[in-house]
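Remarks on the structure that follows.
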Amino acid sequence: MCAMSAEFPPPDADALEHSARLAASLRAEIAANGSIPFSRFMERCLYAPGLGYYSAGSAKFGGEGDFVTAPELGPLFAACVAEAVAPVLRQLGPEAQLLEIGGGSGAFAEVALKRLLQADAMPARYAILEPSADLRERQRARLRQNLSPLVFDCIEWLDAPPTEKWNGVLFANEVIDALPTPRFAIHDGEVFEEGVALDGEGRFVRCERPADALLAAAVRHVEHYLKRPFADGYRSELLPQLPYWVQAVMGGLQAGAMLFVDYGYPRGEYYLPERDDGTLRAFYRHRLHNDVYAWPGLQDITASVDFTALAEAGTGAGFDLAGYCTQASFLLGNGLADRLREVDERGDAALSLKFANEAKKLTLPTEMGERFQAMGFARDADFETAFLAGDLSWRL
């Protein structure tokens with residue numbers, strides 16, 4: 001892991017004290033056990049109650065945070081997603097629901113609900129599964145202020161996935177990349193799991209121990225898929241729990257669609273021989289770096305998504321793969337040009353320029369257009385048309 005660059009703005013005293021509390025808790029856990037799996041370290045850094053990155057109260061999204069997600073750029077992303085899922089909601093009838101996993105600032109829900117209302121595809125319930133109490137309150141305040149009371153009354157915040165049977169659409173944007181991920185390494189043909197230990201000065205350092213049966217089997221499955229073994233010294237991330245996670249978050253979903261948008265690669269590109277240290281990195285104040293041990297609780301830790309693994313998880317849950325494409329293709333195939341035309345027709349040159357710049361960030365290959373991909377699943381509903389522009393399922 002590299003050292004934190006001097007270019008990074010240092011946290012203030014309160015933030016450092018906050019990070020020190022989480023670091024002390026991590027050191028105590030490591031000292032009691034000798035080491036902890038990296039996935040546990042990541043889980044604590046992101047989700048430790050009151051201290052983790054997503055559990056504490058600091059700004060995460062937008063200019064004042066550490067990164068910008070597609071819904072935070074403006075309304076275009078959410079409007080196009082609404083365009084894509086509206087036919088599914090109409091097919092399923094007036095009791096159809098929409099479940100958003102991780103609501104961010106509430107920007108997506110605000111735009112999506114307005115567009116679905118216009119499209120005569122308003123869900124009977126818009127549920128947000130949000131583990132962060134702080135983000136939940138921010139979402140609630142924003143949506144109460146910007147939606148009509150009738151629309152706002154359709155929103156419900158969940159503490160856990162719905163266990164009752166339901167029909168509708170599940171949507172998750174930039175969620176899988178934040179799932180605590182195991183890391184593996186290959187030595188003399190054997191699979192090891194990466195952990196975190198302490199050096200003589202109490203600093204977090206990498207360590208390894210033989211992988212358990214679940215992780216070892218998952219690594220062998222990937223090797224079989226790739227038709228080649230990993231080279232000695234190769235290390236990367238792998239989510240053997242992804243199928244269980246998908247089935248958990250969908251809860252009792254019977255008929256409808258699931259849509260995931262995230263950054264990542266199909267398996268053949270994810271595990272390229274030259275990508276021999278994986279995709280793990282951290283975001284701090286809009287700067288990307290690879291010192292994931294720095295300032296626990298103050299930075300996002302993330303890994304790219306193996307979209308082949310996601311396809312296996314979704315179909316394993318009993319859904320058909322509806323399609324897989326780049327974010328650019330998905331947005332262009334679901335009304336992006338129409339949304340820009342609507343803005344142009346207002347005759348406001350400044351507004352048109354603003355939306356054009358937003359569209360560029362969402363679709364250009366050098367921005368989010370190809371780094372981010374969309375994958376959809378369907379059961380007893382037609383969702384394939386949302387992926388007709390540029391479907392890449394053959395690359396999986």
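One-based numbering along the sequence shown.
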Check: Judged by atom type as modelled, is there a donor-acceptor pair below 3.5 Å linking the side chain of Asp12 to the main-chain atoms of Asp14?
Finding: yes

Check: What pair of heavy atoms forms the shortest contact from Gly103 to Glu100, and how long is it?
Finding: CA-OE2, 3.6 Å

Notebook entry, point to check: Below 4.5 Å, heavy atoms only, C-beta onward: do Leu336 and Phe77 meet side chain to side chain?
Noted result: no

Next item on the list: Check ring-ring contact (aromatic ring centres under 6.0 Å, His included) between Phe330 and all other residues, then give those that pass, not counting sequence neighbours.
Entry: Phe387

Next item on the list: Give the minimum heavy-atom separation between Ala70 and Gln327, together with the two atoms involved.
Entry: CB-OE1, 4.4 Å

Notebook entry, point to check: Any donor and acceptor pair, going by atom type alone, linking the side chain of Glu164 with main-chain N or O of Gly252 inside 3.5 Å?
Noted result: no

Notebook entry, point to check: Just how far is it from atom OG of Ser105 to atom CZ of Arg142, taken to the nearest 0.5 Å?
Noted result: 4.5 Å

Notebook entry, point to check: If only atom types and distance count, is the side chain of Arg90 paired as donor or acceptor with the main-chain N or O of Ala119 below 3.5 Å?
Noted result: yes

Next item on the list: State the OG-CG distance between Ser19 and Leu298, to the nearest 0.5 angstrom.
Entry: 4.5 Å

Note to self: As an exercise, state the distance from CD of Gln91 to CZ of Phe383, rounded to the nearest 0.5 Å.
What the structure shows: 10.0 Å

Note to self: To the closest 0.5 Å, what do you measure between CG (Leu280) and CG (Asn290)?
What the structure shows: 8.5 Å

Checklist line | Asp391-Ser393 side chain donor-acceptor pair, cut-off 3.5 Å | finding: yes

Margin query: Membership question, hydrophobic clusters at under 4.5 Å side-chain separation (ILVMFWY): are Leu73 and Tyr263 in the same one?
Written below: yes

Item checked: side-chain hydrogen bond (donor to acceptor under 3.5 Å, both in side chains) partners of residues 346-365, not counting sequence neighbours, each pair once -> Asp344-Ser352

Note to self: Quick check against the 3.5 Å criterion: does Thr302 have a side-chain atom that pairs as donor or acceptor with the backbone of Asp177?
What the structure shows: yes

Checklist line | Under 3.5 Å donor-acceptor, Asp262 side chain and Ile176 backbone | finding: yes

Next item on the list: Check the pair Thr279, Glu237 against side-chain hydrogen bond (donor to acceptor under 3.5 Å, both in side chains), reporting the backbone distance first and the verdict last.
Entry: CA-CA 7 Å; Thr279 68; Glu237 306 82 34; 2.9 Å; yes

Notebook entry, point to check: Do Glu312 and Arg267 sit within salt-bridge range, that is, some charged N less than 4.0 Å from a carboxylate O?
Noted result: yes

Item checked: Leu117-Leu98 co-clustered via ILVMFWY side chain contacts under 4.5 Å -> yes

Notebook entry, point to check: Under a 4.5 Å cut-off applied to non-hydrogen side-chain atoms, are Pro71 and Asn173 in contact?
Noted result: yes

Item checked: Electrostatic pair Arg209:Glu194 at N-O distance under 4.0 angstrom -> no

Checklist line | Hydrophobic cluster membership, Val305 vs Leu170, 4.5 Å side-chain cutoff | finding: yes

Notebook entry, point to check: Does Tyr126 belong to the same Ile/Leu/Val/Met/Phe/Trp/Tyr cluster as Val111, with side-chain heavy atoms less than 4.5 Å apart forming each link?
Noted result: no

Notebook entry, point to check: Would a distance-only check, ignoring hydrogens and angles, find a side-chain to backbone donor-acceptor pair under 3.5 Å from Arg339 to Leu76?
Noted result: no

Next item on the list: For Thr181 and Ala303, work out which heavy atoms get closest and say how close.
Entry: CG2-CB, 4.2 Å

Check: Side chains of Glu95 and Trp166: is there a donor and an acceptor less than 3.5 Å apart?
Finding: no

Note to self: Restricting to non-hydrogen atoms, name the atom on Ala255 and the atom on Asn167 that form the minimum distance, rounded to 0.1 Å.
What the structure shows: N-OD1, 3.1 Å

Checklist line | Short N-O contact, Asp277 and Arg206, less than 4.0 angstrom | finding: yes

Note to self: Set out, in order, the CA-CA distance, both residues' side-chain angles and the distance that settles side-chain hydrogen bond (donor to acceptor under 3.5 Å, both in side chains) for Ser304 and Arg281, then state yes or no.
What the structure shows: CA-CA 9 Å; Ser304 296; Arg281 64 269 205 202; 2.9 Å; yes

Next item on the list: Quick one: do Gln139 and Trp157 satisfy side chain to side chain contact (heavy atoms under 4.5 Å, CB included)? Show the steps, please.
Entry: CA-CA 10 Å; Gln139 295 158 13; Trp157 280 265; 2.9 Å; yes

Notebook entry, point to check: Heavy-atom distance under 4.5 Å between the side chains of Leu259 and Val81, does that happen here?
Noted result: yes

Item checked: Validation row: Pro182, Pro240 side chains within 4.5 angstrom (heavy atoms) -> yes

Check: Looking only at atom types and distance, does a side-chain atom of Ser132 sit under 3.5 Å from a main-chain N or O of Tyr54, one as donor and one as acceptor?
Finding: yes

Check: Does Phe184 sit in a hydrophobic cluster with other residues, and if so which ones, taking ILVMFWY side chains as linked at heavy-atom separations under 4.5 Å, directly or through other members?
Finding: Ile186, Val191, Leu215, Val219, Val222, Leu226, Phe230, Tyr234, Leu238, Tyr265, Tyr270, Tyr271

Next item on the list: For Glu193 and Arg183, indicate whether the former's side chain and the latter's backbone hold a donor-acceptor pair under 3.5 Å.
Entry: no

Checklist line | Set of residues satisfying side-chain hydrogen bond (donor to acceptor under 3.5 Å, both in side chains) with respect to Asp212, sequence neighbours excluded | finding: none

Check: Counting distance only, does the side-chain N/O of Asn33 pair as donor-acceptor with the main-chain N or O of Ser35 below 3.5 Å?
Finding: no

Checklist line | Considering all heavy atoms, the nearest Ala172-Ile101 contact | finding: CB-CB, 3.9 Å

Donor-acceptor pairs are to be reported for all side-chain atoms of residues 372-382 against protein atoms at under 3.5 Å, with residues two or more places apart or in another chain.
residue	atom	partner	partner atom	Å
Gln373	OE1	Tyr324	OH	2.9
Gln373	NE2	Gly264	O	3.4
Gln373	NE2	Glu370	O	2.7
Arg379	NE	Gln254	O	2.7
Arg379	NH1	Gly318	O	3.3
Arg379	NH2	Leu253	O	2.8
Arg379	NH2	Gln254	O	3.2
Asp382	OD1	Glu384	N	3.3

Notebook entry, point to check: Which heavy-atom pair separates Arg220 from Glu223 by the least distance, and what is that distance?
Noted result: NH1-OE1, 2.7 Å

Next item on the list: Measure the spacing between CZ of Phe192 and CD of Glu208 and express it to the nearest 0.5 Å.
Entry: 7.0 Å

Note to self: Is any side-chain heavy atom of Leu143 closer than 4.5 Å to one of Ile128?
What the structure shows: yes

Note to self: With a 6.0 Å cut-off (strictly less than), is the heavy-atom count around CG of Asp153, excluding the residue itself, greater than 12?
What the structure shows: yes

Check: If you round to the nearest 0.5 Å, how far is CG of Leu22 from OG of Ser55?
Finding: 9.5 Å

Checklist line | Basic-acidic side-chain contact under 4.0 Å: Glu156, Arg125 | finding: yes

Margin query: Is any side-chain heavy atom of Glu72 closer than 4.5 Å to one of Phe108?
Written below: no

Next item on the list: Report yes if the side chains of Leu99 and Val249 come closer than 4.5 Å at any heavy-atom pair, otherwise no.
Entry: no

Residues 43-51 side chain polar contacts: donor-acceptor under 3.5 Å, at least two apart:
residue	atom	partner	partner atom	Å
Arg44	NH2	Ser25	OG	2.5
Tyr47	OH	Ala178	O	3.0

Check: Should Leu239 and Phe41 be regarded as members of a common hydrophobic cluster, given that ILVMFWY residues are connected when their side-chain heavy atoms come within less than 4.5 Å of each other, either directly or indirectly?
Finding: no

Item checked: salt bridge (charged side-chain N to carboxylate O under 4.0 Å, His left out) partner of Arg115, chosen from Glu110, Glu342, Glu83 -> Glu342

Next item on the list: Would you confirm whether Gln241, through its side chain, and Pro180, through its main-chain N or O, come within 3.5 Å as a donor-acceptor pair?
Entry: yes

Next item on the list: Check whether any side-chain heavy atom of Leu331 sits under 4.5 Å from a side-chain heavy atom of Met368, and report yes or no.
Entry: no

